[in-house]
Each structure stands twice: as C-alpha cells, then as structure tokens.
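Counting starts at 1 for both ligands and their atoms, in listed order. Predicted model, so just to flag it, every value in this text is computed and none were measured.
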Amino acid sequence: MFVVVGVTGGIAAYKTVQLVRLLVKDGHDVHVIPTDDALRFVGQPTWEAISRNPVTTSVHDDVAQVRHVALGQRADLVVVAPATANTIAKMAAGLAGDLLGTTLLATTAPVLIAPAMHTEMWLHPATQANVDTLTTRGVRMIGPETGELTGGDSGPGRMAEPERIHDAVLRELHHGSGGAAGSAWLVTAGGTREPLDPVRFIGNRSSGRQGVEVALAAARRGADVTLLAANVDRSVLDRAAGDPRIRIVPVSTTEDLERAVESRSGAADVVVMAAAVADYRPHEVADEKLRKEHAEGPLRLELVETPDILAGLARRRREGQTIVGFAAETPVDGESLTERAVAKRRRKGADLLAANEVGWTAGFEQDDNHLLVVDDSDEVVADVEGTKRDTAEVLVDAILARSR
Ligand code: CTP
C-alpha cells in the first residue's frame, strides 16, 4: 500500500522513525513528508534511508510531476506523527502553505494523526476545537497518551507509541478488506493458576505476550477478538487494551478458562489456545493458609488432572471452525521439535499446532521466539524466528490461508 507519513516539528519525531521502519517492514511503499521544523529534529537522510524512498519537502521540487498533489492523490492512507498543535490548527483551517498541507488537501484517503504537545497546549480550547473539527471531518486521532513529557512534567500530550500508531494504521488499511474482516476469534493467553490455599498457587512462567500478539495481529486483519487473559501482567495486556476490536476477559484457574472457552467458542470462527494451561490442580484447596507446623515430614500434594480444553474443542469443532493449539516444548534427545509438534497436534486433534522450544532461558518472558506451525497433513506450514509480534503475524497468515 502507498502510505504517506507526515512528520511535524516535535521532539517525538524521533519515534516516528520506528513507525516508518515498521511500515516498510510490512512491505508498504512509504513516503515521508517532513515539515521544515521536523527536519530540525530528524534529518532528511534518516527519512530517506529508513523509508527507502526519496524525500522532498518543498512544493517546488519535481514540479513537472505535480508533486504537491501527486503524493496525496496516490496515498492509500496518510498518517501525521507527531502532529503538533500548530499542524492541527493548520489542518483545521485547510492551510496549504507547505508540501504536507497540499498533500492533506489533495488526498481522499483516510487520515490518521498522532498529536504530541504539552498538556496545556492540548487542553487549550483552540486545540480542542480544532481537534473536534478534524474529527467531524473523519480524521482519526491516535492518542495522545498521558505520561511524562519533555521537560519532566506529565499529563495528556505524549505521542502514542509507534507500535500503537502502526496497529491503527494497519487496522485502517485492512479495514473491510483484511483477511479476517467480519470473523470472530477467541484467543487465550497467559498461564492458568491452581490455588493451593488462599495465598499460594501452582502456576507457570507464561507471560501471555505471544497470545496477546496473536490477538493484536488478528485484530489488525479486521477480526473481532475475544482475548481470554489468564494472569497476564497489566504491562503486557496494555498493548491490547486500547484496541477497539479486542475484548479482554480476565480468567485465573483452568476451570475459569474452561468455562469462558465453553461459553464463547460456539460463536468463534477461529480459536487459538495460546495459554499455558495447568495439566493438574490440587485435589483439595485449603480454606486457610497451609501452615508448616501442621506438616509432618515432607509436604505431599495430591494433584488431579484438569480437562484438556483444546482436545475438547477439537472434538466438538463445528463445520468451518479452525482450532489452533500451542505447544511449549523442552528439547528431547533424538526427537526434533517438528516430530513432537506433529505428535501433539494428532493427539489433540487441532487443525494447526504452533510449537516453540522453551527452557530455563528460552521462550518464556522473552521478546523473541522461534515458532514452528504444523497442519493436519503433518506438514510444516511455517517456521519463523523473530519477535513475538513477527511470529504472531506469520501464525495468523497460516490460519487465514487455511480457513479461506
Ligand atoms: N491445553 C488445554 N488444556 C489443558 C492442557 C493444555 O487446552 N488442560 C492446551 C494448551 O492451551 C495448548 C495445548 O493444549 O494449546 C498444548 O499444551 P501442553 O501443555 O503442551 O499439552 P499437554 O497435553 O499438557 O502435553 P504435555 O504432556 O507435553 O505437557
């Protein structure tokens, strides 16, 4: 897609470099239009190197190609990040004094802006009135977020993080045409916890990052996602919390998760069981805290098996529904990850199974992952190493390729 990124004169311009990088990585044709002020923060060579396209800043460049309107006419989407108070005022007034101004007037594509300014400027009635004007015209706002601002003060005015702007851009680009538009997804993330007593539990190290990234990747393709989050840290869940396509339902124990899956899976076109589910739970849960003085010798816990939610889903799967399992595997001598993934997929009856190798240092709580996806013909349909966001994208591609 042809994406125009307008950059205006705020310190947050340095973060827009990351936004451009993400868009280029997606394969979009990205054209950056920095204002003169923006170039005081990040220079033209940086924009050219990162966008891999020439950058012009003046309406008088390439006049023969009518560049002052050509970029706007060709754009599938225009995003302005950061958008300063001055730029927002100029946009509201329809001023066309520079290349970004003419582009914004010439385009009929969706326009997204990520405001960035000091709190007082953001809250000023003039800025708020301009924002209202732009919103009424269909311009979409991303942020601003509340947080620390340059200069040490804090409040609303901070530019949304580049990953969040990127999510919003992709959602807009795929809107109505994304591979998952109109479909309902149920994604589980995190790890279940089985209580021993009111203060202790048996749990696992799953952070929920991979599952949250799967939910985000599906939402970017236009899916309506219910995310069943089992003990996922606020900091991880925040990535999905602002996404209007994702509904978050917190759960804790395997029983909670099973109940939530049962009541919601019927309506889902795709179910992704990324959560690490406890295989056993204590036979009895003590009403009061277990005390050492009551134990004689080693403490013995009796554990009973929990129901296999994934296998149950696969058995009851309805026509057209895609069931996807996960497997976190520690290395086994003489057996490859593929062999173990194939065996587990068969045992569970899932349509696809995504396996990754874990250990004391690999897999859990990490940003990077190695994911291998096998299908019901025992074929490896994806084998990818990268961030959990990258691996989620590839998994969602594999799911969409199958459910088409
Ligand atoms: N799973 C589930 N219900 C359980 C246990 C696991 O739905 N009680 C799901 C997980 O969400 C995951 C897949 O099954 O999608 C594989 O989980 P894993 O713990 O690797 O499977 P197990 O059957 O427990 O296999 P193992 O004996 O290797 O632990």
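Summary of contacts: the protein heavy atom closest to atom 22 (P) of ligand 1 is K348 NZ, 3.6 Å. Of the protein's non-hydrogen atoms, F326 O, 3.0 Å is the one closest to atom 12 (C) of ligand 1. In terms of protein heavy-atom proximity, atom 5 (C) of ligand 1 is nearest to D279 OD1, 3.2 Å. In this structure, the protein non-hydrogen atom closest to atom 15 (O) of ligand 1 is M273 O, 2.7 Å.
For the side chain to side chain contact (heavy atoms under 4.5 Å, CB included) test with R281, the passing option among T254, V304, T192, I202 is V304; the others fail. Considering R209, K388, R389, E357 as possible partners of N369, the one that fulfils the side chain to side chain contact (heavy atoms under 4.5 Å, CB included) test is K388.
Using a 4.0 Å cut-off between heavy atoms, D308 contacts ligand 1 through both its backbone and its side chain. Within the 4.0 Å heavy-atom criterion, the part of P307 lying near ligand 1 is the backbone and not the side chain.
Using a 4.5 Å heavy-atom threshold, the side chains of V79 and V4 count as separate. Side-chain contact check for H166 versus L19: some heavy-atom pair is nearer than 4.5 Å. Side-chain contact between P110 and V78 is absent, with no heavy-atom pair separated by less than 4.5 Å.
E172 has a carboxylate O that lies under 4.0 Å from a charged side-chain N of R140, or vice versa, which qualifies the two as a salt bridge.
Per-residue contacts place L310 under 4.0 angstrom from the following atoms of ligand 1 (heavy atoms of the residue considered): 2 (C), 7 (O), 9 (C), 13 (C), 14 (O), 15 (O). For ligand 1, the atoms lying closer than 4.0 Å to a non-hydrogen atom of A275 are 10 (C), 11 (O). Close approach of ligand 1 to T306 (heavy-atom distance below 4.0 Å) involves ligand atoms 8 (N). Ligand-side atoms of ligand 1 in range of A278: 8 (N), range being under 4.0 angstrom from any heavy atom.
Side-chain contact, T226 with R264: no donor N or O sits under 3.5 Å from an acceptor N or O.
Any N or O atom pair closer than 3.5 Å counts here, and A274 shares no such pair with ligand 1. For ligand 1, one of its N or O atoms has an N or O atom of I309 under 3.5 Å away. Between G325 and ligand 1, no pair of N/O atoms sits closer than 3.5 Å.
Residues passing the side chain to side chain donor-acceptor pair (under 3.5 Å) test with T387, sequence neighbours excluded: D390. The ring pair (Phe, Tyr, Trp, His ring centres under 6.0 Å) test applied to Y14 returns no partner, not counting sequence neighbours.
Distances from ligand 1 to the non-hydrogen atoms of T254 include no value under 4.0 Å. For the pair K344 and ligand 1, a heavy-atom separation below 4.0 Å is found. Taking a 4.0 Å cut-off on heavy atoms, R347 registers as neighbouring ligand 1.
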Inset, instruction - Could you walk me through whether D376 and R402 pass salt bridge (Lys or Arg N to Asp or Glu O under 4.0 Å), step by step? - result: CA-CA 10 Å; D376 52 0; R402 188 196 155 86; 3.1 Å; yes
